[in-house]
Q: 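Encoded as C-alpha cells, here's the structure I'll be asking about.
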Amino acid sequence: MTLPQRFYARPTLEVARDLLGKVLVHRAPDGVAAGVIVEVEAYIGEDDPACHAAVGPTRRNAPLYGAPGRAYVYLNYGLHYLVNAVTEREGFPAAVLIRALEPIEGLELMQRRRGRAPWRKGKPDVDVTRLCRGPGNLSTAMGIDLALNTSALFKRPLTIEDRGVDVGNVRWGPRIGITRGVEHAWRCWVEGSRAVSGRS
DNA sequence: CGTTCGATGCACT
DNA sequence: GTGCATCGAACGT
C-alpha cells in the first residue's frame with residue numbers, strides 16, 4: 001500500500017524511523033525501479049543549522065515549507081540530485097533525506113542509469129550492493145531529478161509504499177557529510193544492511 | 001587500511 | 001564570488 005499523506009504529517013524523527021523498511025518506487029517511462037529504504041537523515045526547522053531552511057525561506061527551499069508528503073529534490077555539488085520527503089505541517093520546514101536503498105526491482109535499469117555517469121566511462125558494471133548506496137547514487141539509479149521536485153509521494157510516478165518488509169534493529173547516529181548540526185543524532189539506518197553508506 | 005582532491009552547477013549574498 | 005546534505009579515483013601508510 002502507498003503511504004498516505006498523513007504518514008508524513010508527524011514529527012520528523014518518527015517519520016524518519018518509520019521510513020526504514022518502506023519501499024521507494026519510481027514508475028518512469030523507461031521502466032520501474034524500486035528499493036527498500038535502509039538509511040535516512042532528518043532535517044528539522046530553521047533552528048537546525050544543517051537544514052536548508054536555516055537561512056529562512058528562499059526560492060530553492062520553498063518545498064520544505066510546503067505541504068507534507070511531497071518530494072524535495074535539489075542538485076548538490078553540481079553533480080548529484082538528492083531526494084527528501086517533506087514532513088510535519090505546512091509552514092514548518094522539515095524533511096527526511098533518503099540516503100540508501102536495497103534495490104529490489106529494476107536492477108538492470110538502475111545499472112544502466114548508473115553506468116551513464118560521466119566519471120565511470122568504460123566501467124559500465126556497478127556492484128549491486130552499491131547501486132543505491134548514498135543519496136546521490138540512489139537518485140541516479142532511480143532516475144530521480146529536478147522534474148520530480150514537489151511531486152506528491154502518495155501519487156505516481158514516485159511513491160513510497162509499505163510492503164510489509166521487516167527491518168531488524170534500527171540504529172541512530174550523527175548525520176554525515178555536513179559541517180554544522182553534527183550534535184544531533186538524526187541519522188538512522190538498518191543495522192547490518194550492506195547498502196548503508198559510510199562503511200568500508 | 002587511511003586521507004585528499006577534482007569534477008561540476010546553481011542558489012544565495 | 002562562495003559554499004555546498006557527494007562520489008570515487010588516486011594516492012599515502
Side-chain angles (χ1 to χ4, degrees), chain A residues 8 12-13 15-17 19-20 24 35 37-66 70-88 92-101 103 110-150 153 158 160 171-189 194-200:
Chain A
Y8 304 93
T12 304
L13 294 179
V15 176
R17 182 199 58 215
L19 278 174
L20 297 181
L24 181 66
I37 298 170
V38 294
E39 182 189 4
V40 298
E41 284 177 357
Y43 290 85
I44 309 173
E46 294 180 346
D47 292 335
D48 173 5
C51 182
H52 282 183
V55 294
T58 64
R59 187 160 78 254
R60 179 203 217 188
N61 66 26
L64 286 175
Y65 290 82
R70 307 191 85 93
Y72 171 45
V73 182
Y74 70 96
L75 181 64
N76 178 61
Y77 290 104
L79 295 166
H80 309 287
Y81 296 106
L82 272 57
V83 59
N84 301 251
V86 175
T87 58
E88 308 260 355
F92 184 85
V96 175
L97 169 69
I98 301 174
R99 288 192 59 91
L101 309 175
M110 291 183 181
Q111 282 170 329
R112 226 177 305 137
R113 286 167 172 158
R114 288 294 310 279
R116 282 201 287 265
W119 54 82
R120 55 171 52 254
K121 271 185 179 139
K123 313 172 74 178
D125 307 293
V126 181
D127 178 9
V128 173
T129 77
R130 292 188 183 183
L131 263 182
C132 296
R133 182 165 120 174
N137 286 337
L138 84 83
S139 293
T140 300
M142 294 289 291
I144 293 171
D145 61 17
L146 282 187
L148 288 167
N149 191 26
T150 73
L153 294 170
L158 185 65
I160 301 180
R171 309 226 354 163
W172 291 85
R175 295 172 293 183
I176 57 182
I178 56 171
T179 54
R180 292 167 318 216
V182 183
E183 65 274 16
H184 296 122
W186 286 351
R187 169 173 175 251
C188 72
W189 66 93
R194 300 193 51 213
V196 171
S197 60
R199 45 164 51 228
S200 70

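Order of the sequence lines sets the chain letters (A, B, ...), proteins ahead of strands, with each chain counted from 1.
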Q: How far, in whole Å, is C:dA10 from B:dT8 if one measures between their P atoms?
A: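 About 15 Å, rounded to a whole number of Å.
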Q: Write out the stems for DNA chain B, ordered by first number and formatted as range with range, counting runs of at least 3 consecutive Watson-Crick or G-U wobble pairs under 3.5 Å.
A: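 Looking at DNA chain B, the stems formed by three or more consecutive pairs are B:1-7 with C:6-12, B:9-12 with C:1-4.
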Q: For A:R113, what residues pass the salt bridge (charged side-chain N to carboxylate O under 4.0 Å, His left out) criterion, not counting sequence neighbours?
A: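 Per chain and number, A:R113 pairs via salt bridge (charged side-chain N to carboxylate O under 4.0 Å, His left out) with A:D30.
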Q: For A:I160, give me all partners under side chain to side chain contact (heavy atoms under 4.5 Å, CB included), at least two apart in sequence or on another chain.
A: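 Testing A:I160 for side chain to side chain contact (heavy atoms under 4.5 Å, CB included), a comparison that skips the adjacent residues, returns A:L3, A:Y8, A:L19, A:K22, A:L24, A:I37, A:I98, A:L153.
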Q: Applying side chain to side chain contact (heavy atoms under 4.5 Å, CB included), can you list everything that pairs with A:T87, at least two apart in sequence or on another chain?
A: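 With sequence neighbours excluded, A:T87 shows a side chain to side chain contact (heavy atoms under 4.5 Å, CB included) to A:T12, A:V15, A:A94, A:V96, given in chain and number order.
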Q: Which part of the nucleic acid, if any, lies within contact of A:R59, taking any heavy atom under 4.0 Å across all strands shown: a base, the sugar-phosphate backbone alone, or nothing?
A: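 The residue A:R59 makes sugar-phosphate contact but no base contact.
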Q: Quick one: which residue pairs count as a salt bridge (Lys or Arg N to Asp or Glu O under 4.0 Å) with a foot in residues 48-59 of chain A, not counting sequence neighbours?
A: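 As it turns out, the salt bridge (Lys or Arg N to Asp or Glu O under 4.0 Å) pairs with a partner in residues 48-59 of chain A, which skip direct neighbours, are A:D48-A:R175.
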Q: Run the side chain to side chain contact (heavy atoms under 4.5 Å, CB included) test against A:R60 and tell me which residues pass, sequence neighbours left out.
A: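 Residues passing side chain to side chain contact (heavy atoms under 4.5 Å, CB included) with A:R60: A:H52, A:T58, A:Y72, A:Y74.
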Q: Can you measure A:R133 atom CZ to C:dC7 atom C1' for me and round it to whole angstrom units?
A: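 Nearest whole value for this atom pair: 11 Å.
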Q: Taking only residues two or more places apart in sequence or in another chain, which ones pass salt bridge (charged side-chain N to carboxylate O under 4.0 Å, His left out) with A:R187?
A: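 Expected list: A:E39.
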Q: How close or far is atom C1' of C:dC7 from atom CG of A:L138, stated in whole angstroms?
A: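 About 13 Å, once rounded to whole Å.
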Q: Roughly how many Å is it from CG in A:D145 to P in B:dC10, rounded to a whole number?
A: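 Checked: the CG to P distance equals 13 Å.
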Q: I'd like a list of close polar pairs between nucleotides 4-6 of chain C and the protein, N/O only, cut-off under 3.5 Å.
A:
residue : atom : partner : partner atom : Å
C:dA5   : OP1  : A:H52   : NE2          : 3.3
C:dA5   : N9   : A:Y74   : OH           : 3.4
C:dA5   : N7   : A:A50   : O            : 3.2
C:dA5   : N7   : A:H52   : NE2          : 3.4
C:dA5   : N1   : A:N84   : OD1          : 2.3
C:dA5   : N1   : A:N84   : ND2          : 3.3
C:dA5   : N3   : A:Y74   : OH           : 3.4
C:dT6   : OP2  : A:G177  : O            : 2.8
C:dT6   : O5'  : A:N76   : ND2          : 3.3
C:dT6   : O4'  : A:N76   : ND2          : 3.1
C:dT6   : O2   : A:H80   : NE2          : 2.8

Q: Which residues pass the side chain to side chain contact (heavy atoms under 4.5 Å, CB included) test with A:P103, not counting sequence neighbours?
A: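 Partners of A:P103 under the side chain to side chain contact (heavy atoms under 4.5 Å, CB included) test: A:L107, A:M110, A:L131, A:C132.
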Q: Going by distance alone, is a donor N or O of one side chain under 3.5 Å from an acceptor N or O of the other, for A:Y65 and A:E88?
A: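 The criterion, which ignores hydrogens and geometry beyond distance, is not satisfied for A:E88 and A:Y65.
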